[in-house]
Amino acid sequence: MSPALADLPFRRVVEALTTAGFVHVRTKGSHEVYRSQDGKVVVVPHHTTVKRGTLASILRQAGLSAAEFQQLFR
């Protein structure tokens, strides 16, 4: 059973993606685009807080489970 997702600050989401190997590629408006070496692209809205539904979409784009994502904080 995967742990439940919660709203997170934008900075924590970006730090976790960076730890997972994603690199900032570009910014357009309030959205930042990150890409991994294997070609996965993740779009993160640059808002104060990333809501849990949006976070779930980000994790799908990144190919990460909620448990894997939480391990990136430790």
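No experiment lies behind these values; they were computed from the predicted model shown.
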Student: Could D7 and K51 be called an ion pair, given the rule that one side-chain N must be under 4.0 Å from one carboxylate O?
Tutor: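 Salt bridge between D7 and K51, a charged N being under 4.0 Å from a carboxylate O: yes.
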Student: Only one of H31, H46, H47 clears ring pair (Phe, Tyr, Trp, His ring centres under 6.0 Å) with F10; which?
Tutor: H46
Student: Please check: side-chain N/O of E68 versus main-chain N/O of S65, any donor-acceptor pairing under 3.5 Å?
Tutor: yes
Student: Evaluate the side-chain proximity of I58 to P45: yes if any heavy-atom separation is below 4.5 Å, no if none is.
Tutor: yes
Student: OG1 of T49 to CZ of R12: how many Å apart, nearest 0.5 Å?
Tutor: 12.0 Å
Student: Same cluster or not: are L64 and V33 linked, directly or through other Ile, Leu, Val, Met, Phe, Trp or Tyr residues, by side-chain heavy atoms under 4.5 angstrom apart?
Tutor: no
Student: Roughly how far apart are L59 CG and Q70 CD, rounded to 0.5 Å?
Tutor: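 Between L59 CG and Q70 CD, I get 9.5 Å after rounding to 0.5 Å.
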Student: Check for a donor-acceptor pair, side chain of Q61 on one end and backbone N or O of K40 on the other, with a separation under 3.5 Å.
Tutor: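 Checked: no pair found.
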Student: Do you know the tightest heavy-atom contact between L72 and A16?
Tutor: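 Looks like CD1-O, 3.3 Å.
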Student: Could you tell me if the side chain of V23 sits less than 4.5 Å from the side chain of Y34, heavy atoms only?
Tutor: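 No, every pair of side-chain atoms sits at 4.5 Å or beyond.
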Student: Keeping the roles fixed (side chain from T54, backbone from V50), state whether a donor-acceptor pair exists under 3.5 Å.
Tutor: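 Not a single qualifying donor-acceptor pair exists.
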Student: Please report the interatomic distance CG(L55) to CZ(F69), rounded to the nearest 0.5 Å.
Tutor: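 That separation rounds to 5.0 Å.
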